[in-house]
2 protein chains.
Amino acid sequence: MPDLTLEDIAAKVGVSRSTVSRVLNGHPNVRKEVRERVLAAIEQTGFHPNAAARALASQRSWTIGLLLPHSVSLFFTDPYYPHLVKGIAQACNHLDYTLAFFLVDDKDDEERIFSRVSRNGFLDGVLVQSGHHGDQRIIGRLVDARIPQVVVGRPMRSDNVSYIDMDNVHAAYTAVSHLLRLGRRRIATITGPEQSTVGVDRKAGYVKALGERDLPVDPALIVEGDFTEMGGYYCMQTLLAARPDAVFAASDIMAVGAIRAIREAGLRVPEDVAVVGFDDLPLAAMTDIQLTTVRQPVVSFGYRAVELLTDLIQSGDPSPRHVIMDTKLIVRGTCGALARK
Amino acid sequence: MPDLTLEDIAAKVGVSRSTVSRVLNGHPNVRKEVRERVLAAIEQTGFHPNAAARALASQRSWTIGLLLPHSVSLFFTDPYYPHLVKGIAQACNHLDYTLAFFLVDDKDDEERIFSRVSRNGFLDGVLVQSGHHGDQRIIGRLVDARIPQVVVGRPMRSDNVSYIDMDNVHAAYTAVSHLLRLGRRRIATITGPEQSTVGVDRKAGYVKALGERDLPVDPALIVEGDFTEMGGYYCMQTLLAARPDAVFAASDIMAVGAIRAIREAGLRVPEDVAVVGFDDLPLAAMTDIQLTTVRQPVVSFGYRAVELLTDLIQSGDPSPRHVIMDTKLIVRGTCGALARK
DNA sequence: ATTGGTATTGAGAGCGCTTCCAAATTATAC
DNA sequence: GTATAATTTGGAAGCGCTCTCAATACCAAT
């Protein structure tokens, strides 16, 4: 059965091309009996409408793009990405969109990809994974090109763009408050890079929790990490000089490094130093770690991102929207809460 | 600058639509001076040709699909996938193709995705990640629909389909031969599932290496694993009863589980039991493991897969082709080779 | 100048669909 | 029964591009 067209189906059923089109697109004004005959013919012939023709005529491709700029290296180590992609792919399936995937590796790629993304009629909109300062340029270009976009993870300059983000400030605030409630008073933090919004926001949550209890924010208790295990390890070594009784790490990986440093210094977790991480990676639940941490709903995050984008596309309203997702504190062993019972 | 068309550029430059199209597509017969004027106008206006119109007129979308069926769960744990996707995405960028991404989660998805994939004019071809028995149906459907496809990882029934695969038999053969050369004689193996081609092939390489030296294949030294750490652990416990002096695990993760079991039994690696894994995950290089293993060129694997598919598309020749990639044995501590020096 | 050949250009017919509009049909009210 | 409105259909004009074919421009050779 070589390429069938609408016309073929129309001829077969004895109606006009328009009618078949109406059936295909679920328009109301088609007689029930006719609709069924058309549907039967489509089913029987295995006809699939030509997507290009459809996109050309209707100015809608039912395809959205996912851009992963900058973050490429993390893409291979951080389970965040597969989960995010899962949520996005699921939503696309359910909403009947197709997902086009762009991995921006270098500057050269950016040009190629940008030109592909901005081809009229190919994408209805794009999702841009971001949260890092370096992603600013591509977001700006997309804004200039008036391509509907949703930034996944709040961008550094967030005016004029729609984005979806985790409530990082509140999550960190909750984590640190939890430590305070457990009686810890010299709480250190290993932050994410200042170049990243998660770094900034989680630190802000830390500061907020301390401030709320009128505790001083001691610069000696704050070190900027880089989201790696080694980074966490070295940061913790630095922090130990300031004799903290707890540490809030902005990621689980860094928390694992921190625990290693604490133990090497002859101290115990959580007795001497309580630890709270962020992410709830599988490794956090492992028996010899039992990390108290913040869980992010990454899959639904991706799902909601797609919903937001498709809403944007369908509404045609360019005014920016924002969605903030809630996180959850997962209490395990390293914060010392369980031992107190 | 709202949607420009070819015609607009043509009018601006004072030539016909055809000429602009020729410039856009790099046709030879355009006067140099005209070509430059057209290019200048395109540059200046920021014109991008409409992809849908192009696809409709030329019957080529310059888009390929990547289908990840079945394997979804592994997608989140195995670094193989991100690396594969990286290679694929890179190749797509370089060859000027767009990548459409399909994650098949359940049966329902399969229907939706299949109908999207088989829409005429949307995809020029598809890459199907496979190697598992359960992927057979979707591959068959794609063959029936005459959609150009390349299976990534040899499928169970490989007649009539083009595929690219690692040379798993030879890789396993090399790994086991290496152990034999080191004087090991009771070599056990933890295989992959019998449902997967990698499981079958790596076991075949093991058998081949033994056979070549006229060593018996002892069923007590072969256990079927499931590519998980726990699986490797339990398999090794079973194997220890047969007193092996070495074990070849069909994946690093299983090798790690095996090492745990060996050590718990009070035996030393590599002195009492040598271990060789497969994959060369980052964890294999970690200081406290130092796993001898087989490295697969996963990124280039993905890259080659795209090249193969695009060749297939461009040639229009439907006869199946096969590409086999070489692997490399990485000798570290667990095989005992370094200690002998 | 004329011829033949080649390089360059434009006209125009699609590609397969959506969608507006008017025509045809049917339902409803009088 | 007719008049009117509502519903269902078909005709036809695009959507923005490619590509064949014929026409024109250019070149060198006679």
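Here is the naming used below: chain letters follow the sequence lines, and residue numbers restart at 1 for every chain.
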**Message:** Using the rule given for salt bridge (Lys or Arg N to Asp or Glu O under 4.0 Å), can you reason through A:Arg137 versus A:Asp135, listing the C-alpha separation, both sets of side-chain angles and the distance that settles it, and then say yes or no?
**Reply:** CA-CA 6 Å; A:Arg137 191 183 55 248; A:Asp135 307 331; over 6 Å; no
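Going from atom CD of B:Gln59 over to atom C1' of C:dG16 covers 9 Å, rounded to whole Å. As a whole-Å value, the separation of B:Arg22 CZ from C:dT9 P is 8 Å. Look at CD on A:Glu7: it is 13 Å from P on C:dG14, rounded to the nearest Å. Atoms CG (A:Leu24) and P (C:dC17) sit 8 Å apart, rounded to a whole Å. In this entry the distance linking CD1 of A:Ile42 with C1' of C:dC17 reads 13 Å, nearest Å. The nearest whole Å value for the distance from the CZ atom in B:Arg17 to the P atom in C:dG14 is 14 Å.
The residue A:Ser21 sits close to a base: some heavy atom pair falls under 4.0 Å. Among the protein residues, A:Ser18 comes within range of the nucleic acid bases, having at least one heavy atom under 4.0 Å from a base atom. Residue B:Asn25 is classed as a sugar-phosphate contact, given heavy-atom separations below 4.0 Å to backbone atoms only.
The number of heavy atoms from other shown groups lying within 6.0 Å of CD (A:Glu43) does not exceed 12. Within a 6.0 Å radius of CZ in A:Arg157, no more than 12 heavy atoms belonging to other residues, nucleotides or ligands are found. Heavy-atom neighbours of A:Arg141 CZ from other residues, nucleotides or ligands within 6.0 Å: above the threshold of 12.
The stretch residues 27-36 of chain A comes close to DNA chain D through A:Asn29, A:Val30, A:Arg31, A:Val34, each having a heavy atom under 4.0 Å from the strand.
One side chain, A:Ser315 or A:Arg321, offers a donor N or O that lies under 3.5 Å from an acceptor on the other. The closest side-chain donor-acceptor pair between B:His48 and A:Ser118 falls under 3.5 angstrom. Side-chain contact, A:Arg54 with A:Ser21: no donor N or O sits under 3.5 Å from an acceptor N or O.
When the options A:Leu68, A:Leu66, A:Ile113 are evaluated for a side-chain contact (heavy atoms from CB on, under 4.5 Å) with A:Phe102, the one that passes is A:Ile113.
Checked against salt bridge (charged side-chain N to carboxylate O under 4.0 Å, His left out), A:Glu307 has the following partners two or more places apart in sequence or in another chain: A:Arg304.
Among the nucleotides C:dC17, C:dG16, C:dT19, the one closest to the side chain of A:Leu56 is C:dG16.
Protein chain B touches strand DNA chain D; the 5'-most and 3'-most nucleotides with an atom under 4.0 angstrom of its non-hydrogen atoms are D:dG16 to D:dC19.
Positionally, the nearest nucleotide of DNA chain C for B:Ser16 lies more toward the 5' end than for the other of A:Ala53 and B:Ser16.
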